[in-house]
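Naming convention: chains lettered A, B, ... in sequence-line order (proteins, then strands); numbering from 1 in each chain.
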2 protein chains.
Amino acid sequence: MIVKNSIKRLLQYQMCLVRLRELGFEKVYSYVLGREAGVTAEQVRKDFSEFEIRGKRKGGYSVDETLDKLHEIFRKNVMQEVILVGMGNIGTALSRYECGFTEKRKYIVAAFDIDPSKLKRNADIPVLPVEEMEDYIREKGITVAIIAVPAISAQDVCNRLIGCGIRGIMNFAPIILKTPPHIVIDNINLCNVLEGVIYCSWYGKDSCGCE
Amino acid sequence: MIVKNSIKRLLQYQMCLVRLRELGFEKVYSYVLGREAGVTAEQVRKDFSEFEIRGKRKGGYSVDETLDKLHEIFRKNVMQEVILVGMGNIGTALSRYECGFTEKRKYIVAAFDIDPSKLKRNADIPVLPVEEMEDYIREKGITVAIIAVPAISAQDVCNRLIGCGIRGIMNFAPIILKTPPHIVIDNINLCNVLEGVIYCSWYGKDSCGCE
DNA sequence: ATGATAATGTTAAAATTTTCACATTAAATG
DNA sequence: CATTTAATGTGAAAATTTTAACATTATCAT
Ligand SMILES: NC(=O)c1ccc[n+]([C@@H]2O[C@H](COP(=O)([O-])OP(=O)(O)OC[C@H]3O[C@@H](n4cnc5c(N)ncnc54)[C@H](O)[C@@H]3O)[C@@H](O)[C@H]2O)c1
Ligand SMILES: NC(=O)c1ccc[n+]([C@@H]2O[C@H](COP(=O)([O-])OP(=O)(O)OC[C@H]3O[C@@H](n4cnc5c(N)ncnc54)[C@H](O)[C@@H]3O)[C@@H](O)[C@H]2O)c1
């Protein structure tokens with residue numbers, strides 16, 4: 001049975017393994033990976049067990065094989081194209097970001113904005129008028145989007161995205177988007193994260209139950 | 001007993017309540033707030049009960065009183081000053097962000113960078129050379145920092161921050177920072193969040209245990 | 001007033017997630 | 001080649017978190 005947080009941890013392991021491979025590791029023990037990823041060795045083994053990632057008794061896990069397995073799980077072999085809505089402060093930052101610690105990879109293939117002054121049809125990541133958004137998504141068969149528009153417009157944009165086939169959304173607007181149950185949403189609220197850190201650092205880690 | 005996720009949810013409730021107040025609500029039922037915050041009514045009541053936020057039987061919760069209580073919990077009355085290290089893409093975006101849905105508020109009082117071309121001593125949020133960081137933090141008694149430097153420098157910056165009294169860190173570098181146990185760290189990994197959304201939207205919400 | 005109603009608050013139960021314990025087994029050692 | 005060792009893999013136990021049930025009580029209608 002897949003545990004809710006295990007996906008998140010697998011991604012963390014993936015990142016750590018890439019770095020460990022860079023450092024010359026060919027195999028890794030659960031306790032080393034656990035230390036890197038900030039979890040216990042048992043958690044690593046349990047997670048790997050759940051996804052049938054096998055190690056060698058006494059020999060640990062092969063870095064390459066484990067990464068292969070993780071890449072398979074996360075479908076790194078197929079194109080993962082994502083569009084971005086809202087080319088403002090955060091949208092621009094994201095568009096310049098190459099994800100991954102060393103496995104540099106671009107996900108964003110196009111951005112859309114309502115403001116004509118933001119448009120840039122011929123850029124590496126083209127910034128197109130938001131009117132073209134639906135057609136573009138349908139044509140290219142995009143299924144995941146990033147919302148980086150003001151909160152007031154976010155639900156609207158969200159509805160339009162779902163209307164043209166988007167199934168997963170990473171949302172930076174500080175609002176909980178309402179969606180049909182089959183749509184995957186990750187509402188990221190950086191203010192709340194910061195306030196959480198402030199709170200925990202004030203009251204002490206123990207009394208606030210933070211990770 | 002304080003549940004790990006309850007802090008996160010309280011912050012969400014706070015955000016929702018601010019918006020509901022804007023919309024003219026004076027009282028709110030647990031099921032309404034739950035709907036807004038994306039949790040069950042029972043969860044709302046349970047969380048509020050834990051933090052001794054009281055409603056009226058049949059009457060729901062007073063928006064104002066609840067917000068007062070939340071502001072007290074999160075110490076909105078005292079200054080919450082934060083510094084930022086790394087004035088690159090993401091750092092710049094964050095420095096221009098006024099947190100909160102409507103209760104606009106700035107947290108970042110200064111930024112530090114190693115690159116001389118980034119410095120701007122007289123800006124609204126001054127960008128200072130990173131050599132001045134420790135003195136600034138000690139002088140102003142800052143306890144929370146945001147790390148937005150490349151992964152390769154992040155642990156280094158982190159160590160320096162802790163060395164001069166920082167107790168809480170929001171980290172954007174894709175690496176798990178190693179810190180003494182009393183330090184509060186929130187490692188945000190936007191790539192992993194995106195990959196998680198891609199994964200879940202591919203395999204379906206049910207089979208991946210996402211929220 | 002008084003009873004019906006519709007919400008909260010809280011205790012108990014269920015579900016989930018993590019940790020533990022240890023059997024298993026591949027490698028290293030002598 | 002037998003023995004020791006040091007890791008994994010997993011089922012069971014513990015801990016945590018969420019959900020459910022319902023007793024309580026303020027409000028509203030009569
Ligand atoms: N700046 C940050 O660091 C930061 C951090 C966390 C969250 N956020 C949130 O991210 C969102 C964007 O923040 P920002 O600072 O980048 O704001 P911004 O104003 O700089 O950018 C918003 C962009 O969205 C565009 N836009 C507005 N309505 C649109 C629509 N209907 N369709 C397409 N494009 C539209 C605007 O033209 C603008 O370019 C906000 O909801 C904000 O709360 C920002
Ligand atoms: N750009 C994004 O959207 C994004 C998203 C998520 C995470 N991140 C992560 O955030 C970090 C910054 O990303 P970015 O795109 O803003 O990179 P960037 O290169 O634009 O900015 C990094 C800044 O840090 C400064 N810096 C480097 N070493 C420093 C040091 N020791 N002390 C002080 N300042 C130093 C650089 O001069 C630069 O201004 C990276 O770790 C990146 O992986 C970025």
For atom CG of A:Asp47 and atom C1' of C:dT17, their distance in whole Å: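 Taking CG of A:Asp47 and C1' of C:dT17, I get 10 Å after rounding.
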Whole Å only: how far is the CD atom of A:Gln43 from the P atom of D:dG9? 15 Å
Please list, chain by chain and in numerical order, all residues satisfying salt bridge (charged side-chain N to carboxylate O under 4.0 Å, His left out) with B:Arg167, sequence neighbours excluded.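 None.
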Tell me, please, which residues at least two apart from B:Glu81 pass salt bridge (charged side-chain N to carboxylate O under 4.0 Å, His left out).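 By the salt bridge (charged side-chain N to carboxylate O under 4.0 Å, His left out) rule, B:Glu81 matches no residue at all.
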Set of residues satisfying side chain to side chain contact (heavy atoms under 4.5 Å, CB included) with respect to A:Cys158, sequence neighbours excluded: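 Partners of A:Cys158 under the side chain to side chain contact (heavy atoms under 4.5 Å, CB included) test: A:Ile147, A:Gln155, A:Ile162, A:Ile169, A:Leu177, A:Thr179.
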For residues 36-68 of chain A, pull every pair meeting ring-ring contact (aromatic ring centres under 6.0 Å, His included), keeping only residues two or more places apart or in separate chains.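 As it turns out, the ring-ring contact (aromatic ring centres under 6.0 Å, His included) pairs with a partner in residues 36-68 of chain A, which skip direct neighbours, are A:Tyr13-A:Phe48, A:Phe48-A:Tyr61.
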Would you please confirm or rule out a distance under 4.0 Å between OP1 or OP2 of D:dT18 and any side-chain N or O of B:Asn5?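 So the side-chain polar atoms of B:Asn5 do come within 4.0 Å of the phosphate oxygens OP1 or OP2 of D:dT18, strictly under.
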If the condition is ring-ring contact (aromatic ring centres under 6.0 Å, His included), which residues does A:Phe112 pass it with, not counting sequence neighbours? A:Tyr136
Per-nucleotide protein contact string for nucleotides 5-15 of chain C (B base, S sugar-phosphate only, - none; heavy atom under 4.0 Å): BBBBBSBB---
